[in-house]
Amino acid sequence: MITSLRGMNDILSEDYERFTYFINTATTVAQRYGFHFIQTPLLEETALFKRSVGESSDIVGKEMYQFIDKGKNDVCLRPEGTAGVVRAFIQKKLDRAGGIHRFFYHGAMFRYERPQKGRLREFHQFGVESFGVDSVYEDAAMIMMVSDILKELGIGYRLQINSLGDNNCMPAYRKKLVKFVQECKDGICEDCIRRVETNPIRVLDCKNEKCQELYIGAPKLIHNLCSGCSYDFDTLKKILEDNAIVYEVNTNLVRGLDYYSKTAFEFVSDNIGSQSAIAGGGRYDRLVEFLDGRPTPAVGFAMGIERLLELIVMPEIKREGYYIGAMDENAVDLVVKIAQKKRKTDRAVVDYKAKNLKNHLKAADKINAKFCCVIGEDELTSGTIWVKDLEGKTEAVLKLEEF
RNA sequence: GUGGGAUUAGCUCAGUUGGUUAGAGCACUGGUUUGUGGUGCCGGGGGUCACGGGUUCGAGCCCCGCAUCCCACCCCA
């Protein structure tokens, strides 16, 4: 038997219901905030991700589905959504057009990781990207949008925010931190020694207790922000408070992708295991420029759909449409014809086998039909159809022309 | 990539110190004396016990390998 690849799932039945319910809800909310759909390719040039996500990240460093195609192009399946949207934004010359451009997207992402609960090799994200707005109000809008989506879906969460600083304050802070960590080099774990080289900020949330003790006196980014970043971060907190969004400041919150600056945030759930981040995002004002576009401020987020699926509280299923069956073999053709007519406007499910009434009612009930419609010998001769409303428990015999 | 656990029917799981024909519940399917469901009763189908080796007179059970899932690390949505 051929099975699906490791970490890649089929989505059907109940999961599919949840999946589409999520997409519909998230789409509705994004549109309320003035965002428009964008679809970009699953396959992109490898260089796009190397330049945007950053070679130091695990995503680019070891998790990409990368290969050389038949035209000798170095390509890979997208590991995240932002890079492609930014590429499209620049390619369509929207950076030159100026103004504000707001997009949302959803689709499959691919990372070659070891699978576990909430971590798949093919997974799906819903995300939004906003270009051309440098106001921190837009950052707050992102957070409020995620909050709205989660609320509509009945999902509880914790929100963590942080500021990563910008070009003015981040490099200086990084230097300061590296110096601090190198001074206590002897005591720190192997992972941290590696982190100093690749992504120094990461040492701060090391889980090693010994490291944590050593880092107690480490310089905090939050105390080293330049006046602009500091002011924006304070404003962000105030906007969230004004709009009744509960948050906690996590000074160790670091985004895994290199392109983030200033506002960073993460929505966390305590009910889905160790892969607890359900949405994450932030500002990335320099990414458009990195990818050869005109400098354009931008901010966005992404949500991991599979991680949300089991948390979604689904609305009650309602009885809907028609079940149509025959009690006499001679009525089967007629029943099919009637169903075709009904399908122009409603759901109609036909049973091709002649059965007794009781079995038809059972079957109609099973598929959650609102009406159970049956044609037997009596109806056949009189040109009628027997219809029972399974909710109201009322029944009637209608002339076929009136049905 | 590292460490640990699991894998028996469509699903959730039993299965004794290795010993006849591998079980249950749910689901599916049929019947329930003449045309009334979701909730009665009776029956039926369905398993290369994940896969590949080994030990043994004999393996669902013990050993080795492998695949997948789960848990933790790592990383992240």
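Proteins get letters first, then strands, A, B, ... in listed order; numbering begins at 1 in each.
Shortest non-hydrogen contact noted between A:L287 and A:S52 is CD1-CB, 3.5 Å.
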request  = Decide salt bridge (charged side-chain N to carboxylate O under 4.0 Å, His left out) for A:D351 and A:K353; before the verdict, give the C-alpha distance in whole Å, the side-chain angles of both, and the deciding distance to 0.1 Å.
outcome  = CA-CA 6 Å; A:D351 197 316; A:K353 262 160 83 181; over 6 Å; no
ask   = Can you check side chain to side chain contact (heavy atoms under 4.5 Å, CB included) on A:V299 and A:V133, steps first, answer last?
value = CA-CA 8 Å; A:V299 59; A:V133 185; 6.0 Å; no
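Applying the 3.5 Å distance criterion, the base of B:G35 shares a donor-acceptor pair with the side chain of A:E379. With hydrogens and angles ignored, no donor-acceptor pair under 3.5 angstrom links the side chain of A:R119 to the base of B:C70.
Straight-line distance from the NZ atom of A:K117 to the P atom of B:G4: 23 Å, rounded to whole Å. The CG-C1' distance, from A:D328 to B:G35, rounds to 12 Å in whole Å. One interatomic measurement links the two molecules: OH of A:Y112 to C1' of B:C76, which rounds to 18 Å at whole-angstrom precision. At whole-Å resolution of the value, CZ in A:R121 and C1' in B:C75 are 14 Å apart. Taking atom CG of A:N252 as the reference point, atom P of B:C76 lies 14 Å away to the nearest angstrom. B:U68 atom P lies 9 Å from atom CG of A:L5, rounded to whole Å. If you measure from atom CD1 of A:I59 to atom P of B:G1, you get 17 Å, rounded to the nearest angstrom. Rounded to a whole Å, the CD atom of A:E122 is 17 Å from the P atom of B:A77.
Taking side-chain N and O atoms only, A:Q116 has a distance below 4.0 Å to OP1 or OP2 of B:A72. A:R6 has a side-chain polar atom (N or O) that falls below the 4.0 Å cut-off from OP1 or OP2 of B:C69.
Residue ring and base: A:W386 does not count as stacked with B:G35 (centre distance below 5.5 Å and interplanar angle below 30° not both satisfied).
Residue-to-nucleotide proximity on RNA chain B shows that, of A:F123 and A:E395, the 5′-proximal contact is made by A:E395. Comparing A:S274 and A:A277, the nucleotide of RNA chain B nearest to each residue sits closer to the 5' end for A:S274.
In the set B:C74, B:G38, B:G1, B:G1 carries the atom at the smallest distance from any side-chain atom of A:R114. Checking B:C71, B:C75, B:G37 against every side-chain atom of A:L390, the shortest atom distance belongs to B:G37.
Comparing the same atom, P, in B:C26 and in B:U17 gives a spacing of 29 Å after rounding to whole Å. Comparing B:A72 with B:G15, their P atoms sit 26 Å apart, to the nearest whole Å. With C1' as the reference atom, B:G47 and B:G60 are 11 Å apart, rounded to whole Å. Separation of the C1' atoms belonging to B:C11 and B:C76 is 31 Å when rounded to the nearest angstrom. Look at the P atom in both B:G65 and B:A9: the space between them is 25 Å, to the nearest Å. Using atom C1' as the reference point in both B:U33 and B:U20, the two lie 42 Å apart (nearest Å). Separation of the P atoms belonging to B:C13 and B:U7 is 10 Å when rounded to the nearest angstrom. Of the C1' atoms belonging to B:G58 and B:G19, the separation is 7 Å, rounded to the nearest Å.
For the residue pair A:T25 / A:E152, no side-chain donor-acceptor distance below 3.5 Å is found, with atom types taken as modelled.
Surrounding CD1 of A:I68 are more than 12 heavy atoms belonging to other residues, nucleotides or ligands, all under 6.0 Å away. Other residues, nucleotides and ligands contribute only 12 or fewer heavy atoms inside 6.0 Å of the CD atom of A:E329. Within 6.0 Å of CD in A:E377 there are 12 or fewer heavy atoms belonging to other residues, nucleotides or ligands. Crowding of A:K176 atom NZ: a count of heavy atoms from other residues, nucleotides or ligands under 6.0 Å not exceeding 12.
Checked against the 6.0 Å centroid criterion, the rings of A:F35 and A:F104 do not qualify as a close aromatic pair. The aromatic ring centres of A:Y21 and A:Y16 sit 6.0 Å or more apart.
Using a 4.0 Å cut-off on heavy atoms, the residues of residues 302-327 of chain A that approach RNA chain B are A:A302, A:G304, A:R307, A:R319, A:M327, listed by number. For the segment residues 350-377 of chain A, the set of residues with a heavy atom within less than 4.0 Å of an atom of RNA chain B comprises A:K353, A:L357, A:K358, A:N359, A:L361, A:K362, A:D365, A:K366, in numerical order.
Contact annotation for A:I278: backbone-only contact, meaning every heavy-atom pair under 4.0 Å involves sugar-phosphate atoms and none involves a base. Nucleic acid contact class of A:L120 (heavy atoms, under 4.0 Å, all strands): base. Base contact: A:G118 has a heavy atom under 4.0 Å from a base atom.
A 4.5 Å side-chain heavy-atom check between A:S261 and A:L164 finds every atom pair outside the cut-off. Looking at A:D389 and A:K393, their side chains never come closer than 4.5 Å, going by heavy atoms from C-beta outward.
Salt bridge present: A:R51 and A:D292 bring a charged side-chain N and a carboxylate O closer than 4.0 Å.
A cation-pi contact links A:K342 to A:F403, judged by a cut-off of 6.0 Å to the six-membered ring centre and 45° from its axis.
Secondary-structure stems of RNA chain B, taken as three or more successive Watson-Crick or G-U wobble pairs (i with j, i+1 with j-1) under a 3.5 Å distance threshold, comprise B:1-7 with B:67-73, B:10-13 with B:23-26, B:28-32 with B:40-44, B:51-54 with B:62-65.
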